[in-house]
2 protein chains.
Amino acid sequence: MAATRTRRTERRENPLSRERIVEAAIELLDAAGEGGLTFRALAERLATGPGAIYWHVTGKDELLHAATDAVVAAAVPPAPAGTAPRDAVRAVALGVFDAIDAHPWVGAQLARSAMDAPILRIFERLGRQVQALGVPRAVRFTAASALLNYVVGVAGQNAANARAVEAGTDRTEFLTRMAAAWTELDPEEYPFVREVAGDLPHHDDRVEFLAGIDLILTGIAPRERPADPPSA
Amino acid sequence: MAATRTRRTERRENPLSRERIVEAAIELLDAAGEGGLTFRALAERLATGPGAIYWHVTGKDELLHAATDAVVAAAVPPAPAGTAPRDAVRAVALGVFDAIDAHPWVGAQLARSAMDAPILRIFERLGRQVQALGVPRAVRFTAASALLNYVVGVAGQNAANARAVEAGTDRTEFLTRMAAAWTELDPEEYPFVREVAGDLPHHDDRVEFLAGIDLILTGIAPRERPADPPSA
DNA sequence: TCACCGTCTGGAATACCGTTCCATTACACG
DNA sequence: CGTGTAATGGAACGGTATTCCAGACGGTGA
């Protein structure tokens, strides 16, 4: 395979390519939700048949994987040098959070994917900052995993919530109705849920998410601590 | 076809019921994994047709929901009185963890479900112990949510791992291969992942999970007060 | 005792999905 | 200029959830 020769002659005006397919898949997912990605719909949008897509992509799994990776890669840019580790962790987490907010299907995908490319990306960013926090080598994996698991947990929850709200129109109305349902639970069995039901309608998912991150950060390194261990 | 008279007098002996259907669904899911639950397979196992099942259950969603709820309810029993809050939180979390270990599909389901019955069950148990820890009313929701999100995050990860290992036979062999793949990543882009790759093969998911719980617990209510406590 | 009717059954039919197959194109190269 | 091949796209194939409907069972009133 000699390189650089293949000058894309316009066989079609818009030649099919993996990149273009992934792009169309993302648009489809954004527009119609998780169930909106269909090889037939994708073929129609690309003005082709389903068979042609399979020449560029092995199947739906890879396509979803690639779409998720594209969004995550754009959402988690390299941390700017000179940022405090805590702030850098918050920045990474918020990047993922906002990406999921914009593309709920990414949340569902992250929550159900193993340690593959998109998740590894997040894990790496979080882990670097854990290291910068001065966490000893032996527990870095644990600390970074805790952060990662929390983030993907929220990812799944947000995706599920987005799916649930899709039916109801308004978000606060949805939360109010859910709070009402919570207060109607059995007081014997669900005292706590009933107690916090009132917090539901007016709580901000984003700050709640950040508060959870800070909780874990506090557990990892109780207070601001120099990056260098004092044993030098 | 067969003797028309003694056709299906079993109607009384083995009457179809929601309970029996859910039970069969759980067996099917345990045996054949997440994709093993099929209305056809279910009908065959129950010696009936797909149509009959729909008389007792509205659809697959409700069936999966009911199956998950049954497993979670059995896995998270009421905490025995007199347990220290921290230990009670660990017990709840471990209950969920072990249930997912035994039924990986539950993990996938929890990770993608919103605040419905199964999740609420876990949230309630965690929240009660958060309250018992002496966490102020205003931040109880946040603390309990952090624990919950972490737990469901791990749930999703474990389900994904179980799915991935299904192909390869051995678990440690799988982890070793993954660690090898990690060390072959670009050193510029993945320094942290490469660094911790060695921890992968011999790490215990269960203790790692508990360590994460303890991290969050420390963030929620530090056990020993640090030397400088300028908390307002 | 018998006709009846609501509960419950199960097999066939529908609509849609991912995927595969394959005849056909249109260009790059000999 | 002919031809091999990368690329295409439409038509199947086998699977899925779900719906439909023709019945069978079993209690009930006459």
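Below, each value reflects all heavy atoms present in this structure, side chains not excepted, and no hydrogens, waters or symmetry copies. In what follows, chains are A, B, ... by sequence order, proteins preceding strands, each numbered from 1.
To the nearest angstrom, P of dC8(C) lies 12 Å from CD1 of Ile21(B). dC17(C) atom C1' lies 14 Å from atom CG of Leu42(A), rounded to whole Å. The distance from atom CG of Leu64(B) to atom P of dA17(D) is 10 Å, rounded to the nearest whole Å. Atom C1' of nucleotide dT20(C) and atom CD1 of Ile53(A) are separated by 14 Å, given to the nearest angstrom. Rounded to whole Å, atom P of dC17(C) lies 11 Å from atom CD of Glu44(A). The CG-P distance, from Leu16(B) to dC8(C), rounds to 10 Å in whole Å. Atom C1' of nucleotide dC21(C) and atom CH2 of Trp55(A) are separated by 16 Å, given to the nearest angstrom. Residue Lys60(B) contributes atom NZ, which lies 8 Å from atom C1' of dA17(D) at whole-angstrom precision.
Remark: Asp98(A) engages Arg206(A) in a salt bridge, criterion side-chain N to carboxylate O under 4.0 Å. One finds a salt bridge joining Arg112(B) and Glu34(A) here, because a Lys/Arg side-chain nitrogen approaches an Asp/Glu carboxylate oxygen to under 4.0 Å. Using a 4.0 Å cut-off between charged side-chain N and carboxylate O, Arg40(A) and Glu44(A) make no salt bridge.
Nearest nucleotide to the Tyr54(B) side chain, out of dT20(C), dT18(D), dC8(C): dT18(D). Nearest nucleotide to the side chain of Pro50(A), out of dG9(D), dG10(D), dG11(C): dG10(D).
Within residues 27-40 of chain A, the residues that place at least one heavy atom under 4.0 Å from DNA chain C are, in residue-number order, Leu37(A), Thr38(A), Phe39(A), Arg40(A).
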_Residue pair Thr58(B), Glu62(B): steps toward the side-chain hydrogen bond (donor to acceptor under 3.5 Å, both in side chains) verdict_ = CA-CA 6 Å; Thr58(B) 65; Glu62(B) 185 193 324; 2.6 Å; yes
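Taking the six-membered ring for Trp and the full ring otherwise, the centers of Tyr150(A) and Tyr150(B) sit at least 6.0 Å from each other.
For dT9(C), the OP1/OP2 oxygens have a side-chain nitrogen or oxygen of His56(B) closer than 4.0 Å.
By the salt bridge (charged side-chain N to carboxylate O under 4.0 Å, His left out) test, Glu184(B) pairs with no residue at all, sequence neighbours left out.
In this structure, the side chains of Arg194(A) and Pro187(A) come closer than 4.5 Å at one or more pairs of heavy atoms.
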